[in-house]
Amino acid sequence: MVAVTFPDGARREYPQNTTGLDIAKSISPSLAKRTVAMALDGKLADLTDPIAHDAKIEFLTREDPRVLELIRHDAAHVLAEAVQTLWPGTQVTIGPVIENGFYYDFFRNQPFTPEDFDAIESKMREIIARDRPFTKEIWSREHAKKVFRDKGELFKVELVDAIPQDQEIKIYKQGDWFDLCRGPHMTSTGKIGNAFKLMKVAGAYWRGDSSREMLSRIYGTAFAKQEELDAYLKQIEEAERRDHRRLGREMDLFHFQEEAPGSVFWHPKGWTLFQTLEAYIRRRQADAGYAEVNAPQLIDSSLWVASGHMATFRENMFLVQPREEDERTYVVKPMNCPGHIQIFKNGLKSYRDLPFKLAEFGKVHRFEPSGALHGLMRVRAFTQDDAHIFITEEQIAEEVIKVNDLILSIYEDFGFDDVTIKFSDRPEKRIGDDAVWDKSEAALRKALEASGRPWTLNKGEGAFYGPKLEYVLRDAIGRDWQCGTVQVDLNMPSRLGAYYIDEHSNKVTPVMLHRAMFGSLERFTGIMIEHCAGHLPLWLSPLQAIVATIISDADDYAREAVAAARAMGLRVESDLRNEKINYKVREHSLAKVPVLLVVGKKETAERTVSIRRLGSDKQQTMPLGAALAALAQEAVPPDVKRVKKAA
RNA sequence: GCUGCCGUAGCUCAGUGGUAGAGCACUCCCUUGGUAAGGGAGAGGUCGACAGUUCAAUCCUGUCCGGCAGCACCA
């Protein structure tokens, strides 16, 4: 007998190997009918699984949030059956559940197109309507391989081989169609329902390996209810509405063009935004004791050979040979570290100089694969808010904690409070001895633990010169962006011959921390645009207000208002055009100007302004001086506000 | 880089084997109008680049460049 505990705490005994379905039926036929799967000790399982030992059991209906992944997984199987029915000879590979849906990868000479979706979806509906039960069989390895080989499913044969020896080979059938799968599944295809949709097709490598076959991947999503699917589709539209590439054009911030793939043409407004962000970081890091420097853009390749970049980073570097007859090759810097080490080395350093902190808004160039380029988020030329901190080994933990605090405080100022930390340890392609790596990783881990923040391990993802922490922030619509980083480097300073004199007059190689907070200013600008859907807070907005006239008799007063606003440090323009106020309101609203100061006959006479904020159709009339003073106050950057408050 | 799709006016997009069109934006004129598009006129394009097929190519074919989605890579 096995003892089964129900969610309400009741406990009953059943003969060994009674299935969940039997138990549900014994309780009530309607429960058995509604139940699509079960959770045993919290773990999802097939309802038809026998219960082998004492367990807590929960019967799950398709409305249970935990069942969503089953709906999607089942839908992936139905997708695969539909595709194989429509196009016999297509090989199936894998079809997992992902964050917002599922996909299935197929191997077929002719790739799918979105035009095929209607046919596939209706075939899927047919299969779902047939409502065939999912049944599970355990096959021997040999049998499974033979069956798949005979069917021409060579990828499946490879998958069977990849399953660890101590695991069973499970086959799930839905009618005649079957697939190798670890499960679990719901009781039948009919439980999937009709709230599903195929989303897109794309190529994907077999087993994620760019040297292997390219498969044709069909993405889909599924929900328990149609309303949830509709809400999801709406959310996708929302993300498109926030796309920084589109907003960048609408707000006249920047553009790209063919001749400079992956490089930004910043327009006046975009560059103002960029510089406002830069100025913010400059204040924050000056406060934290960093000295700003500037190192050359082009440095002879010999230095990059010495640093290890030539050996490990070359495919990402731009090389310049300015004269054919001159064999000298320069590297357009892809990183700032070697330059900063030269500055450290110039002049003898004492242990008393440590920590020695050099910061640079370093413009770096990296030859990114063309397919990786994406607006401001992934470019080939970008500006890092980079710094290198030269310290002793004993100072590592303390300094990492300081950087950690600084980074988190900065993200708060921009409204990012959901930040996670990833710890990346040694990659395969690296420089330096394992003993050095042991030391670096241990120090970083110690600092991480001292910070008391939750973190996750990102195995083998460290930089080639050292392990790193990476800061991932979540934006307003739930997307994650990797921005800041701290990296411990016990390799490069010695490779480039950096040392300081310790208290016993010995030459000692310093430890170097690499750190960036925004990471790339270009990318951070893009993230901010999307995070606030173009509605930048006043202090960041490149154009903070427009003084718009209703009649031309107000022109002089409008000019006066603009001059007064500028004198207070506000970024303001006038709109004196011969257009109706409706037109002006619409145009500036679309351009995401945060504040509209409307002046007509009445305002001119009374020396007031009618204030309209972006996103609201309400108006407030205030005396000009008071309105500008309030705006000027609001436009003070958050860090400056803190300092003022403290004073 | 790989797979698929795409490239026509500043933007969004029609269209055709006989060298092109709309709306918005732009310029000018009229209109001075109270909070998301007032009216009229005009100007604007080597149809991504280069080859090929053809009497004739923006359209068909090929190569290249660029973009989009995903993969791989990554700040």
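The sequence lines fix the lettering, A, B, ..., with proteins before strands; numbering per chain opens at 1. This is a predicted model, so every value here is computed, not measured.
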note: A:Met214, atom CE; B:A72, atom P; distance rounded to Å ~ 10 Å
Item to check | Validation row: A:Val264, A:Trp271 side chains within 4.5 angstrom (heavy atoms) | outcome: no
Contact list (N/O, under 3.5 angstrom) for nucleotides 39-42 of chain B vs protein:
none

What residues 313-320 of chain A contributes to the RNA chain B interface at heavy-atom separation below 4.0 Å is none
Per atom distances to the A:Lys200 side chain, the nearest of B:A69, B:A75, B:A36 is B:A69
Practice task
Would you classify A:Val364 as touching base, sugar-phosphate or nothing, given that sugar-phosphate means primed atoms plus P, OP1 and OP2, and contacts are heavy atoms under 4.0 Å?
Solution key: nothing
task: Quick one: label A:His588 by what it contacts on the DNA or RNA (base, sugar-phosphate, nothing), any heavy atom closer than 4.0 Å.
output: nothing
When every non-hydrogen atom of A:Val92 is compared with those of A:Lys156, the smallest separation belongs to CG2-CE, 3.6 Å
A:Leu198 atom CG is separated from B:G70 atom P, nearest whole Å, by 17 Å
Worksheet item: Between A:Asp386 and A:Ala516, is there a donor-acceptor pair closer than 3.5 Å when you use the side chain of the first and the backbone of the second?
Response: no
If the cut-off is 4.0 Å, is A:Tyr583 near the phosphate of B:C24, judged by side-chain N/O to OP1 or OP2? no
| said: Could you check whether any side-chain N or O of A:Arg515 sits under 3.5 Å from a backbone N or O of A:Asp385, counting only pairs where one atom can act as donor and the other as acceptor? | reply: yes
| task | Report which part of the nucleic acid A:Phe524 touches: base, sugar-phosphate, or nothing (heavy-atom distance under 4.0 Å, all strands). | result | nothing
When rounded to whole Å, the CZ to C1' distance for the pair A:Phe112 and B:U3 reads 13 Å
Whether each nucleotide of nucleotides 6-12 of chain B has a protein heavy atom under 4.0 Å at its base (B), only at its sugar-phosphate (S) or at neither (-) is summarised, 5' to 3', as -B---SS
Nearest-Å distance once atom C1' is located in both B:C13 and B:U8:
9 Å
Dot-bracket for RNA chain B, 5' to 3', Watson-Crick and G-U pairs with both distances under 3.5 Å, [ ] for crossing pairs, | for partner on another strand, reads (((((((..((((....[..)))).(((((.......))))).....(((((..]....))))))))))))....
Quiz item: Is the shortest side-chain N to carboxylate O distance from A:Glu237 to A:Arg241 below 4.0 Å?
Solution: no
Phosphate OP1/OP2 of B:U3 contacted by A:Ser216 side-chain N/O (<4.0 Å)
no
Pairing of A:Asp209 and A:Arg207 as salt bridge, 4.0 angstrom limit
no
Contacts satisfying salt bridge (Lys or Arg N to Asp or Glu O under 4.0 Å) that involve residues 272-284 of chain A (not counting sequence neighbours) are A:Glu278-A:Arg282, A:Arg282-A:Glu292, A:Arg283-A:Asp639, A:Arg284-A:Asp413
message = Using a heavy-atom cut-off of 4.0 Å across all strands, would you classify A:Gly371 as base, sugar-phosphate, or nothing?
response = base
Here the pair of heavy atoms bringing A:Phe112 nearest to A:Val83 is CZ-CG1, 3.5 Å
B:A25 versus B:C6 - spacing of their P atoms, nearest Å: 30 Å
Picking from B:A36, B:A75, B:A72, the nucleotide nearest the side-chain atoms of A:Lys468 would be B:A75
**Asked** Does NZ or CZ of A:Lys200 fall inside the cone over A:Tyr219's six-membered ring, less than 6.0 Å from its centre and within 45° of the axis?
**Response** yes
Can you tell me, in whole Å, how much space there is between the P of B:G18 and that of B:A57? 11 Å
Open item on the list: If I pick the C1' atom on B:A51 and the same atom on B:G45, what distance separates them, to the nearest angstrom?
Closed with: 23 Å
Rounding to an integer number of angstrom, what distance separates B:U46 and B:C50 when you compare their C1' atoms? 13 Å
Extract from the structure each pairing of a protein N or O with an N or O of nucleotides 33-35 of chain B at less than 3.5 Å, listing the distance.
from	atom 1	to	atom 2	distance (Å)
B:G33	N7	A:Ile550	O	2.1
B:G33	O6	A:Ile550	O	3.1
B:G33	N1	A:Asn578	OD1	3.0
B:G33	N2	A:Asn578	OD1	3.2
B:G34	O6	A:Lys601	N	3.3
B:G34	O6	A:Lys602	N	3.0
B:G34	N1	A:Glu603	OE1	2.8
B:G34	N1	A:Glu603	OE2	3.1
B:G34	N2	A:Glu603	OE2	2.5
B:U35	O3'	A:Arg612	NH1	3.3
B:U35	O2'	A:Arg612	NH1	2.3
B:U35	O2'	A:Gln619	NE2	3.4
B:U35	O4	A:Ser610	OG	2.2
B:U35	O4	A:Gln619	OE1	3.4

Point to revise | Base B:C73 to side chain A:Arg378, donor-acceptor N/O within 3.5 Å cut-off | key: yes
- OP1 or OP2 of B:A69 under 4.0 Å from side-chain N/O of A:Arg245: yes
| query | Would you call A:Thr221 and A:Leu229 a side-chain contact if the rule is heavy atoms closer than 4.5 Å? | reply | yes
- Non-hydrogen side-chain atoms of A:Arg479 and A:Glu530 separated by less than 4.5 Å: yes
request  = Considering only NZ, NE, NH1 and NH2 on the basic side and carboxylate oxygens on the acidic side, decide whether A:Lys197 and A:Glu121 come within less than 4.0 Å.
outcome  = no
Judged by nearest nucleotide, the residue sitting upstream toward the 5' end of RNA chain B, A:Ala381 or A:Glu587, is A:Glu587
Run the salt-bridge test on A:Glu461 and A:Lys422 with the 4.0 Å N-O cut-off and return the result as yes or no. no
In terms of heavy-atom contacts, A:Lys363 and A:Lys333 come closest through O-CE, 3.6 Å
Pick base, sugar-phosphate or nothing for A:Leu215, based on heavy-atom distances below 4.0 Å to the nucleic acid.
nothing
Assert: residue with more 5' nearest nucleotide on RNA chain B, out of A:Leu373 and A:Pro369, is A:Pro369
